[in-house]
Structures are given as structure tokens and as C-alpha cells.
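Side chains are part of it too, since the values below use all heavy atoms of this structure and drop only hydrogens, waters and symmetry mates. Since this is a predicted model, take the numbers as computed values, not measurements.
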Amino acid sequence: MKAFLAALLVLASWLVPALAAPKASDLVRAELLSEADGIRPGEPFLVGIRLSTREHWHTYWRNPGDSGLATEAKWVLPPGLSAGEIMWPVPERIPVSHLVNYGYEGETTLLVRMVPDASVRAGDTLRIRGDLSYLVCERECIPGEAKLDLALPVAEAGGAPGRNAPLFEEARARLPAPSPWPSRVSADDGTIRLTVEAAGLRADRLADAYFFPFDETAIEHAAPQDSTVTSEGLVMTLKRSNLGSGPVAELGGIVVVSERLDAGVSRQAFEIGRPPAAAASSAAEPVALPVADLSFGSLAQALLLAFAGGLVLNLMPCVFPVLSIKVLSLAKHSGLGPALVRLNGLAYAAGVVASFAVLAAILLALRAAGGEIGWGF
């Protein structure tokens with residue numbers, strides 16, 4: 001009975017802060033907008049996922065940096081309409097303790113290109129739906145979801161800019177431009193040298209340069225980035241990530257250059273290397289997933305690693321008292337019959353499974369009541 005009461009007290013100490021935590025929907029307002037008030041068959045148009053985040057909180061870029069999770073949208077589209085990839089605005093560098101994340105604070109708009117085919121006819125109404133998932137963080141992180149919905153009429157003379165045109169112009173201005181210069185990469189054991197052949201860039205006018213990589217494991221995000229201007233162009237020295245593997249033949253990302261001009265400091269962003277992958281946008285069609293390798297060798301290796309992981313967990317300091325209690329319990333059973341010992345073992349296993357089933361039921365009940373929480377709390 002005492003152990004049961006102690007467990008309830010521990011559970012209450014978890015639940016009170018979880019219930020008091022703000023909801024993701026209170027921290028991020030998400031809406032789906034269209035650049036045009038009407039669309040035309042066969043004529044592509046833009047929609048925008050507008051995220052308005054509470055002060056001091058942020059959402060994430062396609063590469064979240066050292067921690068975090070990129071915003072994702074899964075579209076449910078009518079026949080005759082397809083969606084392109086998310087066009088990511090240039091992110092901000094967000095230091096968090098000793099880490100560096102990439103994301104957005106305040107308001108930002110993620111643009112997506114929609115393409116209606118010739119089967120879409122004037123007089124129809126196209127309803128665009130999307131399931132948005134995101135992570136919003138300050139000191140703590142809260143996962144969030146939003147249902148996006150937008151209905152647009154189809155007209156013969158559609159496609160004219162609508163009331164949201166200024167917002168979309170601002171969103172376009174925040175996108176990186178394709179780099180007008182070629183770039184190349186060289187690397188040694190711990191350093192990556194990125195050279196952008198920027199003709200005309202002067203050393204005395206370079207105020208700052210920063211590189212946002214598309215690949216999460218390419219560089220150490222929190223490490224300093226050294227930039228110099230040589231006869232070759234802009235040369236950036238980056239610290240290679242310990243998580244990266246293999247030769248660095250290509251490095252995609254965004255180079256942000258701040259240059260001192262007579263009218264002040266000018267900031268420009270250029271996309272280099274490979275184009276960004278589809279990180280958060282897909283059409284309505286199902287995606288084929290790779291088939292896992294279920295050969296005996298791979299299964300045996302997985303089981304062996306799982307067994308080794310279990311052994312390591314038993315060496316944790318918090319487990320030592322539990323091990324001693326279990327050993328003493330087994331010693332008391334030394335004089336019992338095999339059937340009773342087996343029954344005790346099954347009861348122990350059932351107790352573990354039942355405890356986690358109760359925790360899962362409580363978690364599901366809290367989520368059904370509106371709490372946006374997960375196992376992390």
C-alpha cells in the first residue's frame with residue numbers, strides 16, 4: 001500500500017506541471033492563405049502557411065540544427081491538384097545554452113506551389129486541406145498540430161493578385177536567391193573549406209558571413225565560422241560534424257553575406273549546392289517506404305545489440321538498489337518449488353506491463369481532454 005501511494009505521489013508530481021504547461025495552439029497560430037483570390041485551370045499558384053509565434057518561442061527550419069524538428073505538412077488535395085515542396089525562408093540562428101538551432105521567431109510564411117491540371121474547370125471550388133505538425137520551443141519544447149483548410153473558386157479569368165498579395169511579396173523577399181557564383185568544397189579530418197567564387201566581393205566591405213547547411217550532420221552548428229575574402233572569392237572555414245561520414249564532395253545550404261555599403265549594411269542570402277530535399281511537403285498520393293531487411297543475420301544482430309543495451313542499462317546507478325532488492329527476493333525463493341518460482345516471475349512481468357499500461361491510459365486520457373503532452377513530460 002505504501003509503495004502504491006508513493007507511486008501516486010510521483011505521478012502527481014509529473015501531472016501537475018504537465019497540465020499547467022501552455023498548449024502549442026496557444027503559442028503558434030497557423031493559417032493557410034492563397035496569393036490569388038481565384039485560380040485558373042493549368043496555371044500554378046502559391047499558398048502560404050503563415051505561422052505566428054508567441055514572443056520568445058520559435059519553430060524550426062528544414063534543418064533544425066542541434067535539436068528540434070522541422071515543420072511538416074501532409075496535404076489532402078482534390079483530384080487535378082498537386083503540391084510542390086515547401087519553400088523555406090532564410091532561418092535565424094537561435095542559440096540555446098551551448099547548442100545552436102535554426103528556425104523562426106515571430107511571424108513567418110512557408111510558401112508552397114500548387115499546380116492545377118487541365119481537368120480543373122471553371123465554376124469548380126477546390127478545397128485544399130493539410131495536416132500541419134510542428135515543434136515550438138523556448139526553454140521547453142511542445143509538439144503541436146493544426147488542421148489547414150482553404151477553399152478557392154476556379155474561374156476562366158482567375159489568378160489575379162488578391163488581398164494577400166503584399167504578404168506573399170514579403171514572403172518571397174525572405175527566400176534565398178540562387179547563387180550567381182559557383183562554389184566548391186574541400187575537407188580534411190576536422191575542417192571543411194567552402195569557397196564561393198564571389199567576384200567583386202571586397203574584404204574591407206565584408207561585415208559577416210554565415211552558412212546554414214541543408215544536411216543536419218554536415219557541420220558543428222555551434223562552432224565558430226571563419227570567413228575571409230581572397231582572390232578565389234569568399235572562403236569559409238567550418239568545423240566538420242563528428243556525426244558526418246564519408247567524403248564531403250558537395251555541400252548544399254544557404255550562405256548569408258552582410259556587406260558594408262555606402263547606404264548601410266546590406267544582407268543577402270544565396271542558395272548553393274544541391275537543391276533542398278522535400279522535407280515537409282508531399283502530394284496526396286501514398287509514398288512507398290523502403291522494405292526493411294529482415295534476414296536472419298540482421299535480426300540476430302538487432303537482438304544482440306538490444307541484449308547489450310539491456311546489460312548497459314543494468315549498470316546505471318539508479319538501477320543498483322532495484323537489483324539488490326531483486327537478488328534478495330530471489331534468495332527468499334531458493335526453497336520454493338519450480339512452479340511457484342515460475343509463477344512469481346510471471347507475476348513480476350505482468351506487474352511491469354500493467355504499470356506501463358496504466359501510464360499509457362492516463363496519458364491518452366489527458367490528451368483526449370485537450371492536453372498536448374507526450375511521453376517526454
Under 3.5 Å side-chain donor-acceptor pair for S67 and N101: yes
Under 4.5 Å between any side-chain heavy atoms of W88 and I254, yes or no? no
Going by heavy atoms in the side chains, are T237 and T191 under 4.5 Å from each other? yes
Under 3.5 Å donor-acceptor, N164 side chain and L167 backbone: no
Donor-acceptor contact below 3.5 Å, side chain R127 vs main chain L150: no
Heavy-atom side-chain proximity of L148 to I128 below 4.5 angstrom: no
Taking CZ in R29 as the centre, count heavy atoms belonging to other residues, nucleotides or ligands within less than 6.0 Å. Is the count above 12? no
Hey, does the side chain of E232 reach the backbone of T195 with a donor-acceptor pair shorter than 3.5 angstrom? no
Please confirm whether the backbone N or O of P213 pairs with a side-chain atom of N63, one donor and one acceptor, at under 3.5 Å? yes
So if you build clusters from Ile, Leu, Val, Met, Phe, Trp, Tyr with side-chain heavy-atom gaps below 4.5 Å, do V136 and I86 land together? yes
Determine whether Y348 and N344 make a side-chain contact, defined as any pair of heavy atoms from C-beta on separated by less than 4.5 Å. no
Are any of the side-chain heavy atoms of F211 and L251 separated by less than 4.5 Å? yes
Side-chain donor/acceptor of D131 to backbone N/O of K74, under 3.5 Å: no
I'd like to know if R184 pairs up with E197 as an ion pair, taking the criterion as any Lys NZ or Arg NE/NH1/NH2 lying under 4.0 Å from an Asp or Glu carboxylate oxygen. yes
Verify the neighbour count for atom CZ of R267: are there more than 12 heavy atoms of other residues, nucleotides or ligands below 6.0 Å? no
Any side-chain heavy-atom pair of P178 and E271 under 4.5 Å: no
Side chains of S183 and F270: does their closest heavy-atom pair fall under 4.5 Å? no
In short, ring pair (Phe, Tyr, Trp, His ring centres under 6.0 Å) pairs touching residues 103-122 with sequence neighbours left out are none
Establish whether L238 and V257 are linked, either directly or via other cluster members, by ILVMFWY side-chain heavy-atom contacts under 4.5 Å. yes
Test item: S34 side-chain N/O and A36 main-chain N/O as donor-acceptor pair under 3.5 Å: yes
S227 side chain near L234 side chain, heavy-atom distance below 4.5 Å: yes
Within 45° cone of F214 ring axis and under 6.0 Å: R62 NZ or CZ: yes
Quick check: is L201 connected to W181 through a chain of hydrophobic side chains (ILVMFWY, heavy atoms under 4.5 Å apart)? yes
Got a donor-acceptor contact below 3.5 angstrom from the H58 side chain to the T53 backbone? no
